[in-house]
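Worth knowing before you read on, the calculation uses all heavy atoms, side chains too, and leaves out hydrogens, waters and symmetry mates.
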Amino acid sequence: MTPRSALLLAGALLCAVATSCSKDPTFEDRTVYVYAPRACPVSQSDAFSVVYAGGDFQPSADQPPTAKLFLRDVGSVMTELPAQTRSLLFDVSQQSETAAWRGLAEVGSSGPINVLVWPSGQTCNLTRSVENRVDSTLGVFGRGIMVAGGVTAGGGVVPHTFVGDLGTGIVEPLALGLGTRRSHPTITAFREPGQDGAVSALVAGGQDPDSKMPLSTAEVYVPNAGQRGDIGDFERTRIELSSPRAQHGAVVLATGETLLVGGVGNGGQPLTTMDLVDPKTRQSRSDGIALLAVARSNPIVLRLANGEILVASGTAASGALIPTLEWFAPDASRPTKRPIDLVTGRQEGFVPLEGGGALAVIAPKDDAADFKTVWVVSADGTLEAATPIPPNELDVVRLFEGPEGAPLLWTGKHWMRWQPWEGAFRTIDDATSPGPSTEAIASGDKGLALWIDDRAEAGAFIAGFRFATRSRFGPAPNPMLIAGPGGMAPDRLADQPGGAIHFTDRGLELGPGASAFVTDLTFADIDIELDVTTPPPYVVLRGDDAEELEVGGVACAFGQNATRSLSIQRRGAQITVRADDGEPRICPTSLDAGVRIAVGLRGASGADPTIGRNLRVIRR
């Protein structure tokens, strides 16, 4: 990909994000550039696009926030888009092709808006080779993507570090790159929450390719700081870790800190320790951080929807796969649940589920027909076997996060998507392109699967498969919970005999503690309306800092129990609740005014299920 390939632009008149789009906003012209990978080009001469705007506003039925234009009309002004637009979704088609291209970008506080459109339903490589190599890592940080570490496939030569932009598809080698040679480091986003601008990346630990000794340092890549224009490079001062660590896992906490988990140390034995690296102080610490109950290398580490950390899989000193799952508090200071064992196999994949908990797919060591290959790890830590995929269909297990509570799976034969209310995977019939053959995979966003494709003679390339596009600023599918549970995702298997979540003609029935959340969307100021029966469910407001407020729970108890309806308003830090036709009541516990929230329903304490129906979530 080069800056000139499939470069298109249009104009949009948007309010500057720094003004928070207030009643008297400051307006500015923002230029929008639309890119497509050269390997899967869009014809600028006849490409037509529908542009969908999202933001903290409620679309009206007679004036939907969309613009329509031919991409050849360079310089067009999309006056149809609201001034408060915070995201743009491009849906591109052209007469000569049956395929469509889709791309998504958020509107930053300044500068141009870049949108990379991928062909829907087919794999596409970004143009520049990232060099054939082994023992490297693919990582995503914000809109950035990085290939770092390892050695060239022929051995001996230090490969470049490549950085790409998921807004343009442009991939470039860094001028200097890593200061320390590393095999299998971890790559995570590295920025304090709330900071604006480009996201940095933390490259941590790994092995020295020659001595095979674990490394005790980490390095920080900073965009817009190097000698090659705006691509940036690594800080030359490295962060000292608490101890050497290779073959470890890593995850970014809600605080923005990176947690390094397990791995092997100098003695080559699996570790029980964890290390926390702070983007503000550029220091690491292990004091006050919990220990793993089971030492393990190569663990899978997830941050769950409620901020908890789940540690799964990994390898014991004997080489055996570890069945034990462990949960830790959002700050990793303590375990939150008792460890529990799951089945193991020859390959395993885990991803967090949007409603809560996690999804696991396990390929067995043989093709035993009765092996349970799909599991839901519910938010309360219960293990539930879902509809299995036949073991002989699982050549590989490559899991990616997906919108609408529906992760994506590549089996080596088929692309499949999880159906959260069916408890089963379904094949994507129109997706015939091949998926990843290597373990170097990442989620670009919840609808973009990425991996390193090393099958081409010309080199290795970053490949992508766009399977969905959903903005967190999009409109809620109002009303919800009328004809079905669409628009929401459960935190465990639904509609199971004796289970805690069911959708019936009465609405969504939730047993005590069971939850379902509106998928993908986050909100600032909102109105929430819900029809209920007695007792009503809690309405959960979950901040992007993982803090939860249960409206109806201890922190915000109802002044009176609703028997017909609940109305909830969020304005800045203040939450106002009205039950039935009663007087509005201000919740004694407030939210941080700047925190965006997800919205969910949870079964109230007690023996009886609670029922919610006709849920409406309105942006204000």
S.K.: Within the distance-only criterion (no hydrogens, no angle test), does the side chain of Ser433 pair as donor or acceptor with the backbone N or O of Thr123 below 3.5 angstrom?
M.R.: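 Answer holds: yes.
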S.K.: Let me check something: any side-chain donor-acceptor pairs from residues 473-496 under 3.5 Å, sequence neighbours excluded? List them with distances.
M.R.:
{"from": "Asn478", "atom 1": "OD1", "to": "Val617", "atom 2": "N", "distance (Å)": "2.9"}
{"from": "Asn478", "atom 1": "ND2", "to": "Val617", "atom 2": "O", "distance (Å)": "2.8"}
{"from": "Asp491", "atom 1": "OD1", "to": "Ser515", "atom 2": "N", "distance (Å)": "3.2"}
{"from": "Asp491", "atom 1": "OD2", "to": "Ser515", "atom 2": "N", "distance (Å)": "3.3"}
{"from": "Arg492", "atom 1": "NH1", "to": "Asp380", "atom 2": "OD2", "distance (Å)": "3.2"}
{"from": "Asp495", "atom 1": "OD1", "to": "Phe503", "atom 2": "N", "distance (Å)": "3.2"}
{"from": "Gln496", "atom 1": "NE2", "to": "Ala494", "atom 2": "O", "distance (Å)": "3.1"}

S.K.: Going by the rule side chain to side chain donor-acceptor pair (under 3.5 Å), which residues pair with Asn306 if we only count those two or more places apart in sequence or in a different chain?
M.R.: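 By the side chain to side chain donor-acceptor pair (under 3.5 Å) rule, Asn306 matches Glu308.
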S.K.: Could you note down all residue pairs passing ring pair (Phe, Tyr, Trp, His ring centres under 6.0 Å) where residues 415-440 supplies at least one of them, sequence neighbours left out?
M.R.: Trp410-Trp415, Trp415-Trp451, Trp415-Phe465, Trp418-Phe425
S.K.: Does anything in residues 112-147 pair up under ring pair (Phe, Tyr, Trp, His ring centres under 6.0 Å), and if so which pairs, sequence neighbours excluded?
M.R.: Phe141-Tyr221
S.K.: Output all residues satisfying side chain to side chain donor-acceptor pair (under 3.5 Å) with Thr411, sequence neighbours left out; order by chain, then residue number.
M.R.: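 Partners of Thr411 under the side chain to side chain donor-acceptor pair (under 3.5 Å) test: none.
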S.K.: Phe517 ring centre to Arg542 NZ or CZ under 6.0 Å, with the angle to the axis within 45°?
M.R.: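 Ring-cation test returns yes.
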S.K.: The criterion is side chain to side chain donor-acceptor pair (under 3.5 Å); which residues satisfy it with Asp520, sequence neighbours excluded?
M.R.: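 Partners of Asp520 by the side chain to side chain donor-acceptor pair (under 3.5 Å) criterion, ordered by chain and then number, come out as Arg470.
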S.K.: Just to verify, what does Glu422 make a side chain to side chain donor-acceptor pair (under 3.5 Å) with, not counting sequence neighbours?
M.R.: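 Partners of Glu422 by the side chain to side chain donor-acceptor pair (under 3.5 Å) criterion, ordered by chain and then number, come out as Arg426.
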S.K.: Distance-only criterion, 3.5 Å: show the donor-acceptor pairs between side-chain atoms of residues 388-403 and protein atoms not counting sequence neighbours.
M.R.:
{"from": "Glu393", "atom 1": "OE1", "to": "His414", "atom 2": "NE2", "distance (Å)": "3.1"}
{"from": "Arg398", "atom 1": "NE", "to": "Thr438", "atom 2": "O", "distance (Å)": "2.9"}
{"from": "Arg398", "atom 1": "NH1", "to": "Gln347", "atom 2": "OE1", "distance (Å)": "3.0"}

S.K.: Could you note down all residue pairs passing disulfide bond (SG atoms under 2.5 Å apart) where residues 447-482 supplies at least one of them, sequence neighbours left out?
M.R.: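 Non-adjacent pairs meeting disulfide bond (SG atoms under 2.5 Å apart): zero.
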S.K.: For Tyr52, give me all partners under side chain to side chain contact (heavy atoms under 4.5 Å, CB included), at least two apart in sequence or on another chain.
M.R.: Val50, Thr66, Leu89, Asp91
S.K.: Ser60: which residues meet the side chain to side chain contact (heavy atoms under 4.5 Å, CB included) condition with it, sequence neighbours left out?
M.R.: Asp62, Gln63
S.K.: Using 4.0 Å as the upper bound for N to carboxylate O, is an ion pair formed by Glu106 and Arg472?
M.R.: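 Salt bridge: yes.
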S.K.: Taking the side chain as every heavy atom from C-beta outward, state whether Arg466 and Asp445 have any atom pair closer than 4.5 Å.
M.R.: yes
S.K.: Does anything in residues 82-149 pair up under disulfide bond (SG atoms under 2.5 Å apart), and if so which pairs, sequence neighbours excluded?
M.R.: Cys40-Cys124
